[in-house]
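Values reported hereafter were calculated over all heavy atoms of this structure, with side chains retained and with hydrogens, waters and symmetry mates removed. Along the sequence shown, residues are numbered consecutively beginning with 1.
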Amino acid sequence: MSETEVKSSPVDYQEQEVPRTRSVLRRAWRVVWITLLSLIGLALLMPVVYKWVNPPLTPLMVQRFFQQLTDKEREVNFERDYVKIEDISPNLVTAVIASEDGRFMRHKGFDVGQLKQTYLENQRGRRIRGGSTISMQTAKNAFLPHRRSYLRKAFEAGYTIAIEKLWGKERIMEVYLNIIEFGDGIYGCEAAAQHYFGHPASKLTRHEAAQLAVALPSPLKRNPGHATPYFKRQTSVVEARMAKYGSIDLKTKPKSRGKEDDETLWDFLRWVREQKNK
């Protein structure tokens, strides 16, 4: 082999490596983009699928499981049994509406009046109960991790609009009552009814339903099986509200009572902009 040939070999090798490296990078970018598009497609498809398919797990269930694994003072526990809305006591439907979202059957996913009140109170530096509706809680629990951020709020709003359009009130209530947290590792009303009262959700009394509803805002701290004096007082308040609501028909949307029933999230955002421009 000549001296010229020996010197030229490394140069040839480098020239071959450049296009090979570019090819690897192109394939890597292709994998990244396909993965991102797949995740976006899955995120968009999930509300459609969950219209008929029951959510097998939720981000909160996974989050709680790992919290239990890493906390020596907590047992690893998972109790859940999905049931149809027909197998849930109407008492519980009335109780959660009376306790969590009085305008559930009238609003379009967002209680704009409550959102406005929350906004004004926050501007004054006060802390009051948030304006989260049952529809918003269902969207958050079914699709999103429990982390506070504006991005998560944006996704929550989008999913809320989607399930209101695709599912309807009855399906939203069914999913909500089957995935909501009622204790550490206790998910859904059937598991809660069996755990706390020893019978199925279809047999919940008015008092038991009110107890479960009172536990919802803070399920890891409020235990229907060991009710504190405060818990008992709140249960009485919810029972009184339930008496006013009476029987609730999830299949029939009530007639609009005017502007408040017809307001949407976009109306609220326009209102916020007007407030900032004052």
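Side chain of W167 to backbone of P47: a donor-acceptor contact under 3.5 angstrom is found. Between the R241 side chain and the A98 main chain, a donor and an acceptor come within less than 3.5 Å of each other. In this structure, the side chain of D267 engages the main chain of T264 through a donor-acceptor pair within 3.5 Å.
Closest heavy-atom contact between S135 and I163: O-CD1, 3.5 Å. The nearest pair of heavy atoms linking G109 to T133 is O-OG1, 2.7 Å. Across all their heavy atoms, A209 and A95 have their closest contact at O-CB, 3.5 Å. Here the shortest heavy-atom pairing between I134 and V96 reads CD1-O, 4.0 Å. The minimum heavy-atom distance between I172 and E164, with the atom names listed, is CD1-OE2, 3.7 Å. Residues L220 and G183 share a closest heavy-atom pair of CD2-C, 4.0 Å.
The pair E156-K140 fails the salt-bridge criterion, with no side-chain N (NZ, NE, NH1 or NH2) lying under 4.0 Å from an Asp/Glu carboxylate O.
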Step by step, work out the side-chain contact (heavy atoms from CB on, under 4.5 Å) result for F104 and V93.
CA-CA 11 Å; F104 173 69; V93 173; over 6 Å; no
Between F110 and M136, is a side-chain contact (heavy atoms from CB on, under 4.5 Å) present by the stated rule, with each step listed?
CA-CA 7 Å; F110 307 91; M136 294 168 68; 3.7 Å; yes
Go through the steps to decide whether V175 and N54 satisfy the test side-chain contact (heavy atoms from CB on, under 4.5 Å), and finish with yes or no.
CA-CA 7 Å; V175 173; N54 303 326; 5.8 Å; no
Evaluation steps, side-chain hydrogen bond (donor to acceptor under 3.5 Å, both in side chains), between H146 and Q63:
CA-CA 8 Å; H146 279 221; Q63 182 179 334; 5.7 Å; no
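Two residues are said to be in side-chain contact when any heavy atoms from C-beta on lie closer than 4.5 Å; Y230 and R233 meet this criterion. Contact annotation: the side chain of R171 never approaches that of W52 to less than 4.5 Å [non-hydrogen atoms, C-beta and beyond]. No side-chain heavy atom of K203 sits less than 4.5 Å from a side-chain heavy atom of S89. The closest side-chain heavy-atom distance from L216 to Q137 is not below 4.5 Å. Using a 4.5 Å cut-off on side-chain heavy atoms (C-beta onward), M173 and I97 make contact. Counting only heavy atoms from C-beta outward, the side chains of Y82 and E190 never approach each other to under 4.5 Å. Two residues are said to be in side-chain contact when any heavy atoms from C-beta on lie closer than 4.5 Å; P200 and D87 fail this criterion. Between P217 and E100 the shortest side-chain heavy-atom distance falls below 4.5 Å.
A continuous path of hydrophobic side-chain contacts links L166 to L144 [ILVMFWY only; heavy atoms under 4.5 Å]. Residue M242 is not grouped with residue I88 when hydrophobic side chains (ILVMFWY) are merged at heavy-atom distances under 4.5 angstrom, including chains of intermediate members. Linking Ile, Leu, Val, Met, Phe, Trp and Tyr residues whenever their side-chain heavy atoms come within less than 4.5 Å leaves V214 and Y196 in two separate clusters. In the hydrophobic clustering of this structure, I179 groups with V48; members are Ile, Leu, Val, Met, Phe, Trp, Tyr whose side-chain heavy atoms approach within less than 4.5 Å, directly or through other members. Cluster annotation: L60 is not connected to V62 through the hydrophobic network of ILVMFWY side chains, with a link wherever side-chain heavy atoms come within less than 4.5 Å.
The CZ atom of R222 lies 9.5 Å from the OG1 atom of T235; values are rounded to the nearest 0.5 Å. Interatomic distance, CZ of R80 versus CD of Q194, reported as 15.0 Å (0.5 Å rounding). Taking OH of Y176 as the start and CG of N141 as the end, the distance is 8.0 Å to the nearest 0.5 Å. With rounding to the nearest 0.5 Å, the separation of CD1 in I248 from OG1 in T94 is 4.0 Å. The distance from the CG atom of L177 to the CD1 atom of I85 is 5.5 Å, given to the nearest 0.5 Å. Rounding to the nearest 0.5 angstrom, the gap separating the NZ atom in K169 from the CG atom in L250 is 10.0 Å.
For E86, the CD atom sits in a packed shell: over 12 heavy atoms of surrounding residues, nucleotides or ligands are nearer than 6.0 Å. By the 6.0 Å contact criterion, NZ on K165 is open, its count of non-hydrogen atoms from other residues, nucleotides or ligands being 12 or less.
D184 pairs with exactly one of R64, Q68, K221, Q67 by the side chain to side chain donor-acceptor pair (under 3.5 Å) rule, that one being Q68. Tested against Y187 for a ring-ring contact (aromatic ring centres under 6.0 Å, His included), the candidates F78, F182, F65 yield a single pass: F78.
Proximity of the aromatic rings of F143 and Y50 is defined here by a centroid distance below 6.0 angstrom, and this criterion is met.
Below 30°, between 30° and 60°, or above 60°: for F197 and H199 the angle between ring planes is below 30°, a parallel geometry.
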